[in-house]
Amino acid sequence: MNEIAPHISAAAPAPKCATAPVGLLAELTHRCPLQCPYCSNPLEMDRANTELTTAEWQDVLRQAAEMGVLQLHLSGGEPTSRKDLEEIVKTAADVGLYSNLITAGVLLTRERLQKLAECGLDHVQLSIQDADAANADRIAAYKGGLVKKREVGRWVKELGLPLTVNAPLHRQNIENLPKIIDLAVELGAGRLEVAHIQYYAWALKNRAALMPTREQFMKTVEIVEQARERLKGIMVFDFVVPDYYAKYPKPCMGGWGSGIINVTPSGKVLPCHAAESLPGMEFDNVRTRRLMDIWLQGAAFNKFRGTEWMKEPCRSCDRKEIDFGGCRCQAFALTGDATNTDPACSLSSRHAEWFKVAEQESHQPAPPFVYRRIGGDKSKAEPADADAGE
Ligand code: SF4
Ligand code: FES
């Protein structure tokens, strides 16, 4: 490994943020057997031969714990594609990080999950594509996924680990939400994330194939509210609304450079998973700079930290320290300027125009998916298909 500059630059100004984020999102690899068309990975993914080694990841975790990070989210791609996952989990436990494995589950065996639990894994987050097996296979372009996920859910419970089910929701599975909730209960989840798709990267490319109508979205609000009441004490719900139908934007990442630090498979350190889509930004790498130095002094982290970078209407808005102007990546993708107000905000001059896009796309027939594949988006798309339940 290259020599890393020690700690914070000597002449550095006082930081304008917490000395450490709460969470580290460790994207261990972009390799994945699934090809979900809403994947949050960048369109240009890191190749296996550029990935951090076991020792490099272990060093990142030690640095994270030293600076005060509490939670480790092991993500990808599919993190179980890494043969050294056990060693990485063991290091996380040794340095006192709470570890959460974010997985599609399809590569796991019971033996491997047991080994991970013995190494100190604290929590499993299992993604599901749909409660309808054939539709789930079509969405992920992977056969037999749901059968495997049922097994994994059972093993997680048998091993005494807490389970969250993550269900990305879109026009091609939205009518099955009641069955998805039943499936999460059957799997023994203590938490269900009903997460309407956020439109970055592959999801933005597939927006017309994924965008539900406003009526479909409103129905999901009702279904989740009723289920929340019915399943009190059994399962907790997280509900992520689609930005296109929101009044105000979400505080993306809890605010830029505020709560999360993201390390990519090749060691780049990002303020959010989509930050590489912003032009003119330079990202430090854990191979050449200490994590804490990057967090406190890195140019990318300070670019949109706090509120000083804001333009109107955010600058004089009383919500600016609640949502931090929304999402920088979405503002850039939809307006061409990352310092603009996120169009998800009803106070943005672009809001009406963007709502109209969602209305139009969601009422037209869904185009074929462009599946997430290494090598970009030039690969074969699936044939056009009808929406689930329609
Ligand atoms: Fe948030 Fe800016 Fe909209 Fe105010 S104007 S609600 S700060 S995005
Ligand atoms: Fe980058 Fe929202 S995804 S700031």
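Heavy-atom basis, side chains included; hydrogens, waters and symmetry copies ignored. Order of listing sets the numbers, starting from 1, for every ligand and every atom in it.
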Identify the closest protein heavy atom to [atom]: which residue and atom is it, and at what distance?
| atom | result |
| --- | --- |
| atom 2 (Fe) of ligand 1 | C314 SG, 2.3 Å |
| atom 3 (Fe) of ligand 1 | C345 SG, 2.2 Å |
| atom 6 (S) of ligand 1 | D323 OD2, 3.3 Å |

### Query
Does C317 bring an N, O or S atom to within less than 2.8 Å of atom 2 (Fe) of ligand 1?
no
### Atoms of ligand 2 close to C272 [distance to a heavy atom under 4.0 angstrom, numbered from 1]
1 (Fe), 3 (S), 4 (S)
### Query
Of all the atoms in ligand 2, which lie at a distance below 4.0 Å from a heavy atom belonging to C327?
2 (Fe), 3 (S), 4 (S)
### Query
Any idea which atoms of ligand 1 are less than 4.0 Å away from a heavy-atom of K320?
7 (S)
### Message
For the residue pair N262 / H273, report whether a side-chain donor-acceptor contact shorter than 3.5 Å exists.
### Response
no
### Query
Does a side chain donor of either Q125 or R191 reach within less than 3.5 Å of an acceptor in the other side chain?
no
#### Entry: Side chain, backbone, both or neither: P249 near ligand 1, heavy atoms under 4.0 Å
side chain
### Nearest heavy atoms of F324 and G306, plus distance in Å
CD2-O, 4.1 Å
### Message
With a cutoff of 4.0 Å, is M253 in contact with ligand 2, counting heavy atoms of the residue only?
### Response
no
### Query
Within a reach of under 6.0 Å around NZ of K143, are more than 12 heavy atoms found that belong to other residues, nucleotides or ligands?
no
